[in-house]
Amino acid sequence: MFPARYTVFFLCLALAFVAFVLMFAVNVHFIWPFAVFGVLSLIGVFDLQQTRHAVLRNYPVSGHFRYLFEAIRPELRQYFFESNQDGRPFSRERRSMVYDRAKNIEDVLPFGTELDVYNDQYGWVNHSVTPKPENHEELRVTIGGPDCKQPYSASLYNISAMSFGSLSGNAILALNKGAKAGHFYHDTGEGSVSRYHREGGGDLVWELGSGYFGCRAADGKFDPEKFKAQAANPQIKMIEIKMSQGAKPGHGGVLPGAKVTEEIAEARGVPLGQDCISPASHSAFSTPIELLEFIQTLRNLSDGKPVGFKLCIGHRWEFMAIVKAMLKTGIKPDFIVVDGAEGGTGAAPIEFANRLGTPLLQGLLFVHNSLVATGLRDDIKLGASGKLISAFDISGTMCLGADWVNSARGFMFAVGCIQSQSCHTNRCPTGVATQDPKRQQALVVPDKAERVTNFHRNTLKSLMAFTAAAGLNHPSEFRPEHFYLRGGAREIMSANAAFSWLKKGALLDEAHDLPGYSAFWAMADAESFKPAKSLDAAKTLGHHRAHH
């Protein structure tokens with residue numbers, strides 16, 4: 001008796017032998033089944049000899065089905081087994097909402113919600129018995145503090161940072177043309193301004209990462225003259241320093257030289273065909289005060305355009321050190337964008353994507369409270385990003401302190417992304433996240449640009465209706481008391497009660513003892529990102545001050 005696991009292999013051998021005999025005895029056309037089973041038999045022989053895959057050694061021929069099914073597992077789940085509420089990171093229902101709005105199809109939901117409204121994770125915004133008429137004005141926010149000469153009127157909903165190189169040229173062009181038609185901005189990502197951004201003609205936020213692409217000296221450091229020349233581009237409306245991003249905070253990157261094409265080299269200002277390195281940290285500054293001085297330098301070099309920074313909140317004392325530096329120097333960013341740990345990227349280490357960084361809700365609350373409690377909030381606008389694609393996402397985020405929101409994956413869906421999660425393979429099936437010229441051709445720019453504009457317009461249209469139903473005139477009027485969530489099976493709380501909200505100037509009081517804030521404030525040092533004292537020492541100091 002032979003092991004049952006060899007059944008398929010021996011069957012292939014037997015059928016190959018039978019087809020070989022019949023090819024001479026009956027009909028020459030039996031050469032075709034002989035060829036098929038002969039090849040399968042050879043594969044089985046190879047499987048038994050190879051040493052790389054134990055499954056194939058034990059299951060010659062049939063073992064390949066394991067790898068086949070594993071390869072198409074995401075597609076099988078998505079197309080055949082996934083319910084409307086399944087799917088990660090975005091459910092089928094949420095993706096369909098984006099597709100419908102992008103195509104200008106009515107995005108209605110028949111027969112009631114499929115969400116479990118009694119789940120502990122369920123949140124909602126309450127409506128009013130006296131809803132307001134819908135506001136049909138453009139929903140915008142002016143960004144630019146006291147030191148800004150060229151404030152920018154931004155839409156409440158914009159395209160978040162995605163670099164050319166991560167996305168294809170056609171995807172960048174479609175996004176930017178859509179942004180121009182819809183009058184909203186397009187964040188370049190740290191890959192800088194490419195020919196596709198310039199061709200699109202839409203408003204840009206130029207993101208400066210640690211690689212200083214677009215203003216990079218030969219040694220990889222910041223070049224003021226190159227920055228000044230590019231910042232003069234009228235398309236560039238704001239400058240955003242990328243401190244960290246939610247999907248992989250504290251992580252640098254290397255673009256291998258083989259992927260540094262002529263177009264990428266042109267956009268980033270790096271040598272063609274050489275490894276392109278983004279360090280984990282910036283070389284232009286190393287302390288909170290130096291960061292603010294760098295912001296002032298960029299503001300001066302750009303002739304007063306709004307300058308701010310983006311970060312995913314990590315160690316709390318580090319952000320508070322920046323706040324202390326603002327108080328000490330008088331230099332303030334025009335804006336801060338808080339990125340949640342739920343943010344996406346083309347490729348990130350699993351531990352970084354899953355277990356590093358603060359989620360958006362907690363990060364945004366912390367930043368908002370820290371600025372309010374130091375009297376700085378009125379001069380600094382707050383943006384937010386992290387899985388925000390619906391009117392509820394926007395309004396809920398504004399309830400918690402944001403002035404506007406950005407979305408990356410929402411607009412990726414609008415240009416055709418199907419969440420195949422193959423961004424890192426260069427084999428994106430829709431031509432969005434690939435540099436393969438043949439795959440890019442599948443993305444038709446005029447059609448997708450129109451979808452980008454449609455998605456933005458229809459999302460804000462829904463936001464206006466949502467706002468009016470809550471009895472408000474403008475989304476900026478959303479407050480914590482409008483946003484509700486569950487605190488267990490029975491308890492219902494407004495965000496006003498569920499979270500801590502600091503009073504204006506609270507951290508400037510000598511005798512404060514604010515849980516989650518006072519100890520970290522005592523640890524923060526405007527001269528360094530390192531803690532000035534241990535957490536235990538900071539707590540002891542806080543308790544002593546509070547009781548004396």
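- When each of Leu382, Val141, Thr397 is checked for a side chain to side chain contact (heavy atoms under 4.5 Å, CB included) with Trp404, only Val141 meets the rule.
- Legend: residues meeting salt bridge (Lys or Arg N to Asp or Glu O under 4.0 Å) with Lys177, ordered by chain and number and at least two apart, are absent.
- Defined by atom type and a distance below 3.5 Å, a donor-acceptor pair is missing between the side-chain atoms of Ser153 and Glu138.
- Screening Leu175, Asn170, Asp447, Ile172 for a side chain to side chain contact (heavy atoms under 4.5 Å, CB included) involving Val415 leaves a single residue, Leu175.
- A donor-acceptor contact closer than 3.5 angstrom links the side chains of Asn104 and Arg457.
- Residues Phe366 and Phe499 place their aromatic rings such that the two centres sit no closer than 6.0 Å.
- Taking the six-membered ring wherever Trp is involved, the centroid distance between the rings of Tyr152 and Phe335 does not fall below 6.0 Å.
- Atom CH2 of Trp206 is separated from atom SG of Cys215 by 4.0 Å, given to the nearest 0.5 angstrom.
- Ring geometry for Tyr484 against Trp124 counts as parallel: the plane angle stays under 30°, on a 0 to 90° scale with 60° as the upper cut.
- Between the side chains of Ser385 and Asp339, at least one donor N or O lies within less than 3.5 Å of an accepting N or O.
- In this structure, the side-chain hydrogen bond (donor to acceptor under 3.5 Å, both in side chains) partners of Ser128, at least two apart in sequence or on a different chain, are Thr130.
- A salt bridge is absent between Asp403 and Lys381; no separation between the charged side-chain nitrogens and carboxylate oxygens falls under 4.0 Å.
- Between Phe483 and Phe478, the distance separating the two ring centers is not shorter than 6.0 angstrom.
- Looking at His197 and Ser194, their side chains do bring a donor and an acceptor atom within 3.5 Å of each other.
- Scanning both residues, Thr425 and Ser422, for their nearest heavy atoms gives OG1-O, 2.7 Å.
- Lys242 and Glu190 are joined by a salt bridge, as a carboxylate oxygen and a charged side-chain nitrogen come within less than 4.0 angstrom of each other.
- In this structure, CZ in Phe164 is found 12.5 Å from OG1 in Thr188, a value given to the nearest 0.5 Å.
- A heavy-atom distance below 4.5 Å is found between the side chains of Phe90 and Arg409.
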